[in-house]
2 protein chains.
Amino acid sequence: MTERPYHHGDLRVALLDRAEQTLRESGVDGLSLRELARDVGVSHGAPRRHFRDKAALLDSLAVEGFHRLADTFARAAAGAAGRPFPVVLSDVAVAYVTFATENPALLELMFTSKHQAEASAELHRAANSSFDQVAGLVDLGQSCGALVDGEVEQVGMTLFAMLHGITSLANTDMIDRDQLPRLTGYAVGSLLHGLAPRHGTDLGAAPGLAGTD
Amino acid sequence: MTERPYHHGDLRVALLDRAEQTLRESGVDGLSLRELARDVGVSHGAPRRHFRDKAALLDSLAVEGFHRLADTFARAAAGAAGRPFPVVLSDVAVAYVTFATENPALLELMFTSKHQAEASAELHRAANSSFDQVAGLVDLGQSCGALVDGEVEQVGMTLFAMLHGITSLANTDMIDRDQLPRLTGYAVGSLLHGLAPRHGTDLGAAPGLAGTD
DNA sequence: ACCTGAACACCGTTCAAGT
DNA sequence: ACCTGAACACCGTTCAAGT
């Protein structure tokens, strides 16, 4: 690192890392390929070797985001393993909401429709790695009778869609941040047997969901 | 209209109309202020009088989108007025899904987090006009006992979030288009009393979701 | 194999000047 | 009040040339 050699060494990950940081700080609109190259100390034409396109770099960020999300799910599920299913479910739900809320720009990138046809294959795989985590959770919940019946994929997608919708509304300031735990608890509860959503459902106050004071 | 005069007449709405069309055809990325001005037959500096910013124009499009959405809700609810509540609910849900699915780029614009602070007031009002429609529907459903209990705002937001999440996933090709009706029916059913979501619920296949007998 | 740097076409924004 | 057109700084993309 004393004197930069002609070859950067790992320009691809350097660009990706810097891009992720810029994304978090300035959103997608603040992301310029040229500035990225400047930040990393390389000429503006250099990124071309690693990303054919600006869109390609954005797609790679989205793929990375899905991998991190899958990781987050796995970690949350592992952390609550052995505890009653509702706790596991709500922990995973909170993990998603937290992740989505802390990385709004990344989430938008992941769930934006302008992905390249070529990248969509890899992106699809990456997204499925997240969905599979949810599906596994649904399977677990159904086999112990805590979760509502129905096709795994259908229940899982409903769960995912609810959480995604809630965080999306929160990220656009359409629901207050402090209503997030209650809404999350409510959504989760609506899929649990014997926990038909009603006012005062305690889930929102559970450890993990509460987290206010 | 024979020879364009110096003053355009209604440049603001002309720009907005053209922008909406371009948005539908080419997405947000295909929207250039200069091209817009060209298309409308005006110099590239002209839009400045009506939109201080490109972002301001985008915000106006989003506001317009929320107004159209509120209209869509009202129309669907009026069209099913008098029929059993589940029918009304599913009609409204289908109306949302259809609207969101037919205007993916507009939806992204509406639920994107990069709105200007100044526009957010008007946007908030416009968004609330949509949410109020949903709240009214929830109120109706609860007072006739068909809809799950809970605070109106909470149930309404859950409903909205579910539908928004589902369409968002559909618009990014993460769920198959042909699974949309079933998923929508499933989501709607999960908020109806005595219609606990289960495999084979007929909701999705019926006209509008129907299947209420 | 990887990077540079000039070149090109296109932006968004600003602002004096025109009508 | 509304629009024009030159000017400016910045892009993304391409490609010969360098190492």
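Just so it is clear: chains get the letters A, B, ... in the order the sequence lines come, proteins before strands, and each one is counted from 1.
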Checklist entry - Counting side-chain heavy atoms from C-beta on, which of C:dC2, D:dC2, C:dG5 comes nearest to B:Arg49? => result D:dC2
Table please: side-chain donor-acceptor pairs of residues 172-179 of chain B below 3.5 Å, with sequence neighbours left out.
{"from": "B:Thr172", "atom 1": "OG1", "to": "B:Ser168", "atom 2": "O", "distance (Å)": "3.0"}
{"from": "B:Thr172", "atom 1": "OG1", "to": "B:Leu169", "atom 2": "O", "distance (Å)": "3.2"}
{"from": "B:Arg177", "atom 1": "NH1", "to": "B:Ala170", "atom 2": "O", "distance (Å)": "3.4"}

Item to check | Contacts of B:Phe51 that satisfy ring-ring contact (aromatic ring centres under 6.0 Å, His included) - sequence neighbours left out | outcome: none
Checklist entry - At their closest point, which heavy atom of B:Leu137 faces which heavy atom of B:Phe85, and how far apart are they? => result O-CE1, 3.3 Å
Checklist entry - Quick one: is B:His50 getting a side-chain N or O under 4.0 Å of the D:dC2 phosphate, OP1 or OP2? => result no
Checklist entry - Name the stems with DNA chain C in them: runs of three or more consecutive Watson-Crick or G-U pairs, distances under 3.5 Å? => result C:4-8 with D:12-16, C:12-16 with D:4-8
For residues 38-45 of chain B, run the donor-acceptor check on the side chains, cut-off 3.5 Å, and write out each pair with its distance to 0.1 Å, sequence neighbours left out.
{"from": "B:Asp39", "atom 1": "OD2", "to": "B:Arg18", "atom 2": "NE", "distance (Å)": "2.9"}
{"from": "B:Asp39", "atom 1": "OD2", "to": "B:Arg18", "atom 2": "NH2", "distance (Å)": "3.0"}
{"from": "B:Ser43", "atom 1": "OG", "to": "B:Gly45", "atom 2": "N", "distance (Å)": "3.4"}

Next on the checklist: Among residues 10-19 of chain A, which ones have heavy-atom contacts with DNA chain D below 4.0 Å?
Outcome noted: none
Checklist entry - With sequence neighbours left out, which residue pairs that include part of residues 123-136 of chain A fulfil the side chain to side chain donor-acceptor pair (under 3.5 Å) condition? => result none
Checklist entry - Partners of B:Ala135 by side chain to side chain contact (heavy atoms under 4.5 Å, CB included), sequence neighbours excluded? => result B:Val152
Item to check | Partner set under side chain to side chain contact (heavy atoms under 4.5 Å, CB included) for B:Ala55, not counting sequence neighbours | outcome: B:Asp53, B:Gln116
Residue list, side-chain hydrogen bond (donor to acceptor under 3.5 Å, both in side chains) with [X], at least two apart or on another chain:
X: A:Asp29; value: B:Lys114
X: A:Arg52; value: A:Glu118
X: B:Glu20; value: B:Arg24, B:Arg68

Checklist entry - Quick one: A:Leu36 CG to D:dT13 C1', roughly how many Å, whole number? => result 16 Å
Pairwise N/O distances under 3.5 Å, protein to nucleotides 7-11 of chain D:
{"from": "D:dC11", "atom 1": "OP2", "to": "A:Arg38", "atom 2": "NH2", "distance (Å)": "2.5"}
{"from": "D:dC11", "atom 1": "O5'", "to": "A:Ser32", "atom 2": "OG", "distance (Å)": "3.2"}

